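Remember, it's 1-based here, ligands and their atoms both numbered in the order they're listed. This one's a predicted model, so the numbers in the text were calculated from it and none came from an experiment.
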Amino acid sequence: MEQPSALEARTYGNLIGGEWRAARGGDTFDSLNPARRSEVLGHFARGSTLDIEDAVSAAVAAQPGWQRTPMPLRAEVLARAGRLLEERKEELGRLMTREMGKVLTEALGDVQEGIDMAKYMAGQGRMPVGEVVPSELRDKRCFAERVPIGVVGCITPWNFPMAIPCWKLMPALLAGNAVVFKPAEDTPLVAIRLAEILVEAGLPPGVLNLVTGLGDEAGAALVSHPRVRAVSFTGSMEVGNQIAATCGKLGKRVSLELGGKNAMLVAADADLELAVDGALWGGFGTTGQRCTATSRLIVDRQVLGDFQERLLDRVGRLRLGDGLDPATDVGPVINSKQLRRIHSYTEVGKQESARLLTGGEVAEEGELSLGNFYRPTLFTDVRPEMRIAQEEIFGPTVSVLPAEDLADAVRIANGTRYGLSLAVYTRDLSRAFWAVDRLESGIVYVNAPTIGAEIQLPFGGVKGTGNGHREAGTTALDEFTEWKTVYIDYSGRLQRAQIDTGQG
Ligand code: NAD
């Protein structure tokens, strides 16, 4: 089936074995612009078990040839993909804003993260892939090298439609795996554009297969397919834990990047203007729909009043609107289900007797009624045990919690089941390091908000946020490779390790 390139509501297929094909069942689903629900970006193949079967078969057939392709040549494909992403950055950013809603500057940043990852992984293609280690025996060499896992499944959320797929696909492909990719059902078109670019960059047929569809259909079929040796998942804790249980039963490898309940700690000596800038960007950037979003502000009582006043003023000035409008600060939320969920947390906060300072309602004036807009919402007098301080809301809702001192703030910050990103604002270097040593999260920032990861460093969380894996940085390859240890004995006689050591 021909793959349309114009941005119009056309029907798009799955990429299987190098061909774009309709779903075997013939069903489709739509992707809508969250700023204007009547705008349909396209009709997408609703993949099922049958399509996953086809995609996995294509991947199994293609993987050995890709593995035998020298790594620097595999890296060349990624480098070319990076250049194509760069050439099309503006167009892809605009498409992303229409499909996912984030403001254009942020969408361009999301594409840039994909470009960065492509270039970084291309560079890794000529880096060491193992270790040469001395043997305890004479005339014997030992080394250990990374090898691909085989066929891997990548399942991604909608909030970073380009960056997160690139975080998974680039290292998985560089390592020599074949991939079956199931993107989020809210952002299939950006995923299709990425797959097209990788194909255009020279990826052989079947090495990357893309199946669009729903989580409990295509997603679940991918997770449980016996030929898929590893699953890389980013998404909610609920789905992640379900996937981990399935993978546990089937004995396959799984890496999880799940939610967060991230906090910014504001010490009594903090630069308050800087902290307010950070809270605004961390809390309401991407409409609060980042796994690292700053959803709790834990503020020393000594500066609470001052901080809150400044923040409230700034939140009141945030402009809601279509992300393509340069005047917009905060875009829509992804879909109407999420809009209802965010509002239900406002009701929970009120019932828990947190004090609503601003927002707390769906925005419906003028053109906003056409999309999924929620007013930037600020609660104060929030206690650590309240649900709005414990559960991930994934929207423009931020809670202010008072703290007695920095030690109390650290205790509150650590008191959730998540452990992704925490930030501390202080002018005192000793206090900053004191906090860094005690904060329980995979990522810690000092004098910067909880968002803003760079691709050359490990990314991931502790506690309920993940299962010990890290994406990005050189650690990205851990997720997508096995180790093979090789011993070569050229002594011409039987040498027994631990027994003949020191002889001859
Ligand atoms: P989600 O868990 O609903 O969906 C994520 C993906 O999983 C989608 O592609 C979906 O189709 C698929 N899926 C759903 N049910 C499935 C099933 N039973 N089997 C297999 N696949 C299934 O999450 P979402 O709403 O798309 O994204 C928001 C969540 O993602 C938030 O919790 C956020 O914190 C998290 N997130 C985490 C990170 C991180 O790196 N830690 C980054 C971004 C987003």
Side-chain angles (χ1 to χ4, degrees), residues 29 31 34 44 46-49 52 100 102 110 113 153-168 180-188 190-191 210-225 228 231-247 250 252 254-262 286-295 333-335 337-339 341-342 391-395 416-421 441-443 450-451 453 455 457-472 475-476 479:
F29 65 99
S31 172
F44 298 87
R46 183 166 165 175
S48 66
T49 310
I52 290 291
M100 183 274 166
K102 64 174 73 175
D110 191 325
E113 216 169 308
C154 296
I155 301 178
T156 56
W158 45 264
N159 64 335
F160 277 84
M162 181 62 80
I164 294 177
C166 286
W167 283 33
K168 295 187 189 303
V180 179
F181 170 31
K182 207 304 276 173
E185 47 271 49
D186 285 297
T187 51
V190 172
L210 167 75
V211 179
T212 54
L214 309 187
D216 54 3
E217 297 175 2
L222 178 59
V223 170
S224 56
H225 196 292
V228 174
V231 175
S232 174
F233 173 81
T234 298
S236 61
M237 184 182 266
E238 188 192 4
V239 173
N241 288 341
Q242 212 177 309
I243 288 177
T246 306
C247 291
L250 299 173
K252 65 173 75 173
V254 60
S255 68
L256 305 174
E257 292 291 343
L258 310 177
K261 191 68 191 175
N262 315 291
T286 326
T287 322
Q289 302 171 113
R290 290 196 188 207
C291 52
T292 50
T294 310
S295 66
V333 301
I334 188 70
N335 54 38
K337 185 174 167 216
Q338 191 58 15
L339 193 67
R341 188 167 175 272
I342 291 165
E391 298 174 19
E392 186 182 48
I393 300 173
F394 223 58
T416 74
R417 59 189 177 147
Y418 294 103
L420 184 52
S421 184
S441 57
I443 306 167
T450 57
I451 65 177
I455 64 100
L457 289 140
F459 180 94
V462 301
K463 303 198 289 188
T465 292
N467 63 342
H469 290 269
R470 289 291 181 274
E471 297 202 299
T475 43
E479 198 181 336

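- Contact annotation for atom 4 (O) of ligand 1: protein absent (non-hydrogen atoms, distance under 4.0 Å).
- Between the side chain of Glu392 and the backbone N or O of Gly260 there is at least one donor-acceptor pair closer than 3.5 Å.
- Atom 24 (P) of ligand 1 has as its closest protein heavy atom Trp158 NE1, 3.4 Å.
- Of all the atoms in ligand 1, the ones that sit under 4.0 Å from a non-hydrogen atom of Ile164 are 42 (C), 43 (C).
- Checked against a 3.5 angstrom limit, the closest N/O atoms of Glu392 and ligand 1 fall inside it.
- Within the 3.5 Å criterion, the main-chain N or O of Cys291 finds a donor-acceptor partner in the side chain of Asn262.
- Between Phe394 and ligand 1 there is a heavy-atom distance shorter than 4.0 Å.
- Proximity of Thr187 to Thr156: side-chain heavy atoms (C-beta onward) are nowhere separated by under 4.5 Å.
- With hydrogens and angles ignored, the 3.5 Å screen pairs a side-chain donor or acceptor of Thr416 with a backbone N or O of Tyr418.
- Contact annotation: for Phe233 versus ligand 1, heavy atoms closer than 4.0 Å belong to the side chain alone.
- Using modelled atom types, no side-chain atom of Ser232 and backbone atom of Ser255 make a donor-acceptor pair closer than 3.5 Å.
- In terms of protein heavy-atom proximity, atom 12 (C) of ligand 1 is closest to Ile155 CG2, 3.6 Å.
- With 3.5 Å as the limit, one finds a donor-acceptor pair spanning the side chains of Trp167 and Glu113.
- If you number the atoms of ligand 1 from 1 as listed, the ones under 4.0 Å from a heavy atom of Pro183 come out as 9 (O).
- Of the candidates Cys291, Gly235, Pro157, Gly461, it is Gly235 that places a heavy atom closest to atom 35 (C) of ligand 1.
- Protein heavy atom closest to atom 15 (N) of ligand 1, with residue, atom name and distance, is Val239 CG1, 3.5 Å.
- Nearest protein heavy-atom neighbour of atom 41 (N) of ligand 1: Leu258 O, 2.6 Å.
- No side-chain donor-acceptor contact under 3.5 Å links Thr292 and Thr450.
- Short contacts between ligand 1 and Gly219, defined as distances under 4.0 Å to a heavy atom of the residue, involve ligand atoms 19 (N), 20 (C), 21 (N).
- Under a 3.5 Å cut-off, the side chain of Arg417 and the backbone N or O of Lys463 do not form any donor-acceptor pair.
- When Glu185, Lys182, Gln242 are checked for heavy-atom proximity to atom 18 (N) of ligand 1, Gln242 turns out nearest.
- At a 4.0 Å heavy-atom cut-off, ligand 1 touches Thr156 through the backbone alone.
- The protein heavy-atom contact nearest to atom 14 (C) of ligand 1 is Gly215 CA, 3.5 Å.
- Qualifying side-chain contact (heavy atoms from CB on, under 4.5 Å) partners for Glu217, counting only residues two or more places apart in sequence or in other chains: Arg46, Leu214.
- Considering backbone and side-chain atoms alike, Val223 places every N or O at 3.5 Å or more from each N or O of ligand 1.
- Counting only heavy atoms from C-beta outward, the side chains of Ile334 and Phe394 never approach each other to under 4.5 Å.
- Some N or O of Ser236 is nearer than 3.5 Å to an N or O of ligand 1, by distance alone.
- Every salt bridge (Lys or Arg N to Asp or Glu O under 4.0 Å) that Glu185 has, sequence neighbours left out, goes to Lys182.
- Close contacts between ligand 1 and Asn159 involve ligand atoms 43 (C), 44 (C) [criterion: under 4.0 Å to a heavy atom].
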